[in-house]
Colleague: 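Take this structure, written in structure tokens, and hold onto it; I'll ask about it next.
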Amino acid sequence: MPLLIDSRRLDVSLPAARILQTCPELEERARILKSKPPQIVGANGFLYVQQRELAATTPTDSSVSILGSEDATTCHIIVLRHTGSGATCLAHCDGSDSETEAEAIIQAVKSLTKTTEGRLELHIVGGFNDQRQLSMKLSRQLLKVFHKQAEDVHLVTFCVTDINDRKENGIHLPIIYGIGMFSFDIVYKKTFLA
């Protein structure tokens, strides 16, 4: 099934900047995400996901209330959430095996979902305008592998490469390099643990 934005099919062949131009709602959501102040969270209920890892939970999990990852420069952090069950998976992807990662992310959410009501919502955050264009390649790769999945996946947040780039002393850096799902709302962080 296709990757969708507000129930419209996404053209995954477009570069990230062009996708944002053709889908102003994605650009607005990225702007809102970037405008949120960084938050520091404690260790209670927090599950940290490292590069090449994923974790999934539900709102009824009494042990985990926050999924998070950081240190994503050219990497991307993926959050997939089922709106009916609240089942959520967060993954820190580096492009080493995006196809297998996408399948594992979807399977993790589906295995925790016991309802047919709702939809799969995808959030992709990370990367910047790096010289080797690794971020851009990973953004396109992730869009393509989620587009090839059997399930409809709705892209809700796309804060990557161009829109996640800032310059400091002439050096490109990511604006957001860590995110967390706290009470099943995305926030971004510079540091997780207090």
Colleague: How long is the span from the CD1 atom in Ile124 to the CG atom in Leu3, to the nearest 0.5 Å?
Modeller: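 Answer for the CD1-CG pair, Ile124 versus Leu3, is 7.0 Å.
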Colleague: Check whether Val160 and Leu134 end up in the same hydrophobic cluster, where Ile, Leu, Val, Met, Phe, Trp and Tyr are linked by side-chain heavy atoms less than 4.5 Å apart.
Modeller: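 The answer is no; the residues belong to distinct hydrophobic clusters.
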Colleague: What pair of heavy atoms forms the shortest contact from Thr115 to Ser85, and how long is it?
Modeller: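 Result for this residue pair: CG2-N, 3.8 Å.
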Colleague: Between Val153 and Leu155, is there shared hydrophobic-cluster membership here, with clusters defined by ILVMFWY side-chain heavy atoms closer than 4.5 Å?
Modeller: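 Both belong to a single hydrophobic cluster.
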Colleague: For Leu112 versus Ala56, what's the shortest heavy-atom pair and its separation?
Modeller: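 Answer, listing the atom of Leu112 first, then Ala56: CD1-CB, 3.7 Å.
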Colleague: Hey, are the side chains of Leu33 and Val125 touching, using non-hydrogen atoms and a 4.5 Å cut-off?
Modeller: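 Counting from C-beta outward, Leu33 and Val125 do come under 4.5 Å.
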Colleague: Over all heavy atoms of both residues, which pair between Gly127 and Ser135 is shortest? Give the atoms and the distance, please.
Modeller: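 Looks like CA-OG, 3.3 Å.
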Colleague: Restricting to side-chain hydrogen bond (donor to acceptor under 3.5 Å, both in side chains), what partner residues turn up for Asp71, sequence neighbours left out?
Modeller: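 With neighbours one apart ignored, the set is empty.
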Colleague: What heavy-atom pair brings Gly118 and Thr83 nearest, and what distance separates the two atoms?
Modeller: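 Shortest heavy-atom contact: CA-OG1, 3.2 Å.
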Colleague: Connecting only ILVMFWY residues whose side-chain heavy atoms lie within less than 4.5 Å of each other, what is the rest of Val156's hydrophobic cluster?
Modeller: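 Members besides Val156: none; it forms no cluster.
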Colleague: Any chance you could measure Leu10, atom CG, to Phe158, atom CZ, to the nearest 0.5 Å?
Modeller: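 Here the rounded value is 7.5 Å.
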Colleague: Would you sort out whether Ile105 and Phe146 count as a side chain to side chain contact (heavy atoms under 4.5 Å, CB included), showing the intermediate values?
Modeller: CA-CA 10 Å; Ile105 291 165; Phe146 277 100; 4.1 Å; yes
Colleague: Does Leu142 share a hydrophobic cluster with Leu54, counting links as ILVMFWY side-chain heavy atoms below 4.5 Å and allowing steps through other members?
Modeller: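 In one cluster: yes.
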Colleague: Could you give me the CA-CA distance, side-chain angles and deciding distance for Ser139 and His76, then say whether side chain to side chain contact (heavy atoms under 4.5 Å, CB included) is met?
Modeller: CA-CA 8 Å; Ser139 294; His76 290 29; 2.7 Å; yes
Colleague: Quick one: closest heavy-atom pair of Ala87 and Pro59, and the distance?
Modeller: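 Ala87 and Pro59 have their closest heavy atoms at N-CD, 4.3 Å.
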Colleague: State the CG-CG distance between Leu143 and Leu14, to the nearest 0.5 angstrom.
Modeller: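 Interatomic distance, Leu143 CG to Leu14 CG, rounded to 0.5 Å: 9.5 Å.
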Colleague: Quick one: are Cys93 and Ile77 in side-chain contact, heavy atoms under 4.5 Å?
Modeller: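 No, their side chains stay 4.5 Å or more apart.
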Colleague: So how far is it from Leu90 CG to Tyr48 OH, rounded to the nearest 0.5 Å?
Modeller: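 Those atoms lie 10.0 Å apart.
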Colleague: Please report, to 0.1 Å, the donor-acceptor pairs under 3.5 Å made by any side chain of residues 19-27, with sequence neighbours excluded.
Modeller:
unit_1	atom_1	unit_2	atom_2	d
Gln21	OE1	Arg18	NH1	3.4
Thr22	OG1	Arg18	O	3.2
Thr22	OG1	Ile19	O	3.0
Glu25	OE2	Arg8	NH1	3.3
Glu25	OE2	Arg8	NH2	2.8

Colleague: Under the criterion side chain to side chain contact (heavy atoms under 4.5 Å, CB included), I'd like the reasoning laid out for Thr161 against Asn129: C-alpha separation, chi angles, the key distance, then a yes or no.
Modeller: CA-CA 5 Å; Thr161 56; Asn129 286 330; 4.3 Å; yes
Colleague: If a pair satisfies salt bridge (charged side-chain N to carboxylate O under 4.0 Å, His left out) and one of its residues is in residues 130-147, list it, with sequence neighbours excluded.
Modeller: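 For residues 130-147, and leaving out neighbouring residues, there are no salt bridge (charged side-chain N to carboxylate O under 4.0 Å, His left out) pairs at all.
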Colleague: Under the salt bridge (charged side-chain N to carboxylate O under 4.0 Å, His left out) definition, can you give me all pairs with a residue in residues 82-92, not counting sequence neighbours?
Modeller: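 Residue pairs passing salt bridge (charged side-chain N to carboxylate O under 4.0 Å, His left out), neighbours aside: none found.
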Colleague: Output side-chain donor-acceptor pairs under 3.5 Å for residues 167-176, partner residues at least two apart or in another chain, one line each.
Modeller:
unit_1	atom_1	unit_2	atom_2	d
Glu168	OE1	Arg166	NH1	2.6
His172	ND1	Asp165	OD1	3.1
His172	ND1	Asp165	OD2	2.7

Colleague: Holding to side-chain hydrogen bond (donor to acceptor under 3.5 Å, both in side chains), I want the full list of residues that pass it with Thr100, two or more places apart in sequence or in another chain.
Modeller: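 Result, side-chain hydrogen bond (donor to acceptor under 3.5 Å, both in side chains) vs Thr100: Asp97.
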Colleague: State which residues pass side-chain hydrogen bond (donor to acceptor under 3.5 Å, both in side chains) with Thr74; sequence neighbours excluded, sorted by chain then number.
Modeller: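 None.
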Colleague: Hey, could you give me the SG/CD1 distance between Cys159 and Ile32, rounded to the nearest 0.5 Å?
Modeller: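 Here the rounded value is 11.5 Å.
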Colleague: Going by the rule side-chain hydrogen bond (donor to acceptor under 3.5 Å, both in side chains), which residues pair with Gln133 if we only count those two or more places apart in sequence or in a different chain?
Modeller: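 In terms of side-chain hydrogen bond (donor to acceptor under 3.5 Å, both in side chains), with neighbours along the sequence ignored, Gln133 is linked to no residue.
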Colleague: Going by side-chain hydrogen bond (donor to acceptor under 3.5 Å, both in side chains), name the pairs with one or both residues in residues 101-111, residues two or more places apart or in two chains.
Modeller: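 Pairs touching residues 101-111 that pass the test: Lys110-Glu151.
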Colleague: Take Ser98 and Leu138 through the side chain to side chain contact (heavy atoms under 4.5 Å, CB included) test and state the conclusion after the steps.
Modeller: CA-CA 8 Å; Ser98 296; Leu138 182 54; 3.9 Å; yes
Colleague: What residue pairs, at least two apart or across chains, pass salt bridge (charged side-chain N to carboxylate O under 4.0 Å, His left out) with a residue in residues 49-69?
Modeller: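 Found Arg52-Asp94.
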Colleague: Transitively linked via ILVMFWY side-chain contacts under 4.5 Å: Ile78 with Met136?
Modeller: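 No; Met136 is not reachable from Ile78 via cluster members.
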Colleague: Closer than 3.5 angstrom, by distance alone: can the side chain of Lys148 be matched with the main-chain N or O of Glu99 as a donor-acceptor pair?
Modeller: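 The answer is no, because no donor-acceptor pair under 3.5 Å joins these two groups.
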Colleague: Can you get from Phe128 to Ile163 by hopping between Ile, Leu, Val, Met, Phe, Trp and Tyr side chains that sit under 4.5 Å apart?
Modeller: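 No, it is not one cluster - the side chains of Phe128 and Ile163 are not joined through contacts under 4.5 Å.
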Colleague: Say you draw a straight line from CZ of Arg81 to OG1 of Thr157; how long is it, rounded to the nearest 0.5 Å?
Modeller: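 So the CZ of Arg81 and the OG1 of Thr157 are separated by 11.5 Å.
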